[in-house]
Number of protein chains: 2
Amino acid sequence: METEAGSLYDGSCEVVAALDAIAGRWKLPILWRLAAGPVRYNELKRLVRGVTNTALTRALRELEADGLVERTEYPEVPPRVEYALSPAGRALEPSLEALVSWAGSRARGGVEVRRLAPDDDRTAPAPSTSDAGSRRTATSWRSR
Amino acid sequence: METEAGSLYDGSCEVVAALDAIAGRWKLPILWRLAAGPVRYNELKRLVRGVTNTALTRALRELEADGLVERTEYPEVPPRVEYALSPAGRALEPSLEALVSWAGSRARGGVEVRRLAPDDDRTAPAPSTSDAGSRRTATSWRSR
DNA sequence: CAGTATCCCATCCGATACTG
DNA sequence: CAGTATCGGATGGGATACTG
């Protein structure tokens, strides 16, 4: 529909653009933590293990700019700031759940991660090679 | 089991590690495209718009190393190589669907993307500031 | 408490050119 | 067709130090 040949759901431009909003080392972990409820800055820093001040702040600012999280500053004497998912952010909770459950199952040894086989035989199942040779000569498709 | 207190689903380490497998500019778009069925190299390059030879190959190699996609090489005269999701890769199809549908809805103007308000008033709703001042003196929490 | 300010390095990615 | 080789530039993230 919509004029353009194959675009909306074919894994291209628009999707890529939207995906950029959650790309980055810490965005997903942060969003996932926030999905459980509002959290203060330092609490977040503790919960999302390994994140540094700089990284956390940068990620939060970007998520805020993209309308996924909301920042609420309470003018109290010991400064208090809470971060929470915005309505738009809550829209991707299903995705987060799916992703996290997948990540969890894979972390639990469901799959051997990053295990390169030393001598992986990959020259393959030779599916009806019978006609090979009858095809164009070896370089016919290489125009020049 | 595994000893550790609070870890599996709290948005930290394990999940972060697993997420790394799909992190990168092109991994998700590629996986999404592959979810629709096996595709040849150059076809993939056309479908995932904007990707370059180098980026595509690199992403594919990593996805392969992480066991998410399978590469099948057919020993024919014009070389033919097909990429497809592995069983493990198919395990994250639900996540892909959720993600893509979210990305799609947001691309369709559901949310104003990356729109910074010029003078956003963010010093906030002052929730019962009545006790401010009665709290510890301004710098009491700053130990030194 | 909740950040900023810098500096620096690693990685990612794009562009270009070449090959089995 | 399906890649590899190389290089340069942008970005993201880490470490450290300091502040309203």
Side-chain angles (χ1 to χ4, degrees), chain A residues 16 19-30 38-66 69 71-84 122-124 132 135-144, chain B residues 16 19-30 38-64 69 71-84 122-124 132 135-144:
Chain A
V16 172
L19 252 26
D20 275 356
I22 56 169
R25 184 85 182 66
W26 301 109
K27 302 256 186 92
L28 257 353
I30 289 170
V39 189
R40 299 175 60 167
Y41 182 87
N42 276 309
E43 201 182 345
L44 199 49
K45 198 171 73 177
R46 271 189 304 274
L47 293 168
V48 179
R49 263 173 303 230
V51 72
T52 61
N53 255 341
T54 343
L56 180 55
T57 302
R58 199 181 323 136
L60 285 170
R61 292 285 174 273
E62 290 179 17
L63 289 170
E64 211 190 335
D66 281 319
V69 319
R71 189 191 114 113
T72 314
E73 178 176 321
Y74 297 85
E76 297 175 354
V77 173
R80 182 159 69 98
V81 177
E82 279 191 354
Y83 291 90
R122 59 170 46 149
T123 31
R135 303 176 68 102
R136 336 171 183 120
T137 60
T139 54
S140 67
W141 45 269
R142 194 182 189 175
S143 47
R144 101 151 173 74
Chain B
V16 171
L19 252 23
D20 275 356
I22 56 170
R25 183 89 182 67
W26 301 110
K27 302 257 186 91
L28 257 353
I30 289 171
V39 190
R40 297 175 61 167
Y41 181 86
N42 276 310
E43 200 183 346
L44 199 50
K45 198 170 73 175
R46 271 189 303 275
L47 292 169
V48 179
R49 264 173 302 229
V51 73
T52 63
N53 255 341
T54 343
L56 180 55
T57 301
R58 202 179 318 135
L60 284 170
R61 292 284 175 273
E62 291 179 16
L63 289 170
E64 209 190 337
V69 319
R71 190 190 112 114
T72 315
E73 180 176 320
Y74 297 84
E76 300 175 352
V77 174
R80 182 160 68 99
V81 176
E82 279 190 353
Y83 291 90
R122 61 169 43 147
T123 31
R135 302 177 68 101
R136 335 167 182 125
T137 60
T139 54
S140 66
W141 46 269
R142 195 180 188 174
S143 47
R144 101 147 171 78

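Naming convention: chains lettered A, B, ... in sequence-line order (proteins, then strands); numbering from 1 in each chain. These numbers come from the heavy atoms of this one structure, side chains and all, not from hydrogens, waters or symmetry mates.
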Asker: Using a cut-off of under 3.5 Å, enumerate the N/O to N/O pairs linking the protein to nucleotides 2-4 of chain D.
Answerer:
from	atom 1	to	atom 2	distance (Å)
D/dA2	OP1	B/Arg40	NE	3.0
D/dA2	OP1	B/Arg40	NH2	3.2
D/dA2	OP1	B/Val81	N	3.3
D/dA2	OP2	B/Asn42	N	3.1
D/dA2	OP2	B/Asn42	ND2	3.1
D/dG3	OP1	B/Arg61	NH2	3.3
D/dG3	OP1	B/Arg71	NH1	2.3
D/dG3	OP1	B/Tyr83	OH	3.4
D/dG3	OP2	B/Tyr83	OH	2.7
D/dG3	N7	B/Asn53	ND2	3.2
D/dG3	O6	B/Asn53	ND2	3.4
D/dT4	OP1	B/Arg61	NH2	3.4

Asker: How close or far is atom P of D/dG13 from atom CG of B/Asp20, stated in whole angstroms?
Answerer: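 So the CG-P distance, B/Asp20 to D/dG13, works out to 11 Å.
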Asker: Return the value, rounded to whole Å, for the distance between atom NZ of A/Lys27 and atom C1' of D/dG13.
Answerer: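 Nearest whole value for this atom pair: 12 Å.
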Asker: To the closest 0.5 Å, what do you measure between CD1 (B/Ile22) and NZ (B/Lys27)?
Answerer: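 Nearest 0.5 Å value for the CD1-NZ distance: 8.5 Å.
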Asker: What distance do A/Thr57 atom OG1 and A/Lys45 atom NZ have between them, rounded to the nearest 0.5 Å?
Answerer: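 Atom-to-atom, A/Thr57:OG1 and A/Lys45:NZ are 8.5 Å apart.
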Asker: For residues A/Val48 and A/Leu56, determine if any side-chain heavy atom of one lies less than 4.5 Å from a side-chain heavy atom of the other.
Answerer: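 Counting from C-beta outward, A/Val48 and A/Leu56 never come under 4.5 Å.
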Asker: Roughly how many Å is it from CD1 in B/Ile22 to C1' in C/dC12, rounded to a whole number?
Answerer: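 Roughly 17 Å, once rounded to whole Å.
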Asker: Is any NZ, NE, NH1 or NH2 atom of the basic residue among B/Glu64 and B/Arg61 found under 4.0 Å from an Asp or Glu carboxylate oxygen of the other?
Answerer: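 Judged by the 4.0 Å cut-off on N to carboxylate O distance, B/Glu64 and B/Arg61 do form a salt bridge.
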Asker: May I have the distance from A/Arg46 (atom CZ) to C/dC1 (atom P), rounded to whole angstrom?
Answerer: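 Distance, rounded to whole Å: 7 Å.
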Asker: Taking the side chain as C-beta and beyond, is there a heavy-atom pair between B/Thr52 and B/Trp26 under 4.5 Å?
Answerer: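 No, every pair of side-chain atoms sits at 4.5 Å or beyond.
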Asker: Given atom CD of A/Glu62 and atom P of D/dT11, what is their separation to the nearest angstrom?
Answerer: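 Nearest whole value for this atom pair: 11 Å.
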Asker: Return the CG to CZ distance between A/Asp20 and B/Arg25, rounded to the nearest 0.5 Å.
Answerer: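 Going from CG on A/Asp20 over to CZ on B/Arg25, the span is 5.0 Å.
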Asker: Can you name the side-chain contact (heavy atoms from CB on, under 4.5 Å) partners of B/Val81, sequence neighbours left out?
Answerer: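 Only B/Arg71, B/Glu73, B/Tyr83 meet the side-chain contact (heavy atoms from CB on, under 4.5 Å) criterion with B/Val81.
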Asker: What is the distance, to the nearest angstrom, from the CH2 atom on A/Trp26 to the C1' atom on D/dG13?
Answerer: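 After rounding, the gap between these two atoms is 9 Å.
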Asker: Can a donor-acceptor pair under 3.5 Å be found between the side-chain atoms of A/Arg58 and the base atoms of D/dG13?
Answerer: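 Present.
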Asker: Separation of B/Tyr74 atom OH from D/dC1 atom C1', in whole Å?
Answerer: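 One finds 15 Å between C1' of D/dC1 and OH of B/Tyr74, rounded.
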Asker: Enter the distance from B/Leu60:CG to B/Ile30:CD1 here, rounded to the nearest 0.5 Å.
Answerer: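 Output value for this atom pair is 4.5 Å.
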Asker: What's the separation between atom CZ in A/Arg58 and atom CG in A/Asn53, rounded to the nearest 0.5 Å?
Answerer: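 These two atoms lie 11.0 Å from each other.
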Asker: Using a 3.5 Å limit on both pairing distances, list the dot-bracket string of DNA chain D from the 5' end; Watson-Crick and G-U wobble pairs count, crossing pairs take [ ], interstrand pairs take |.
Answerer: ||||||||||||||||||||
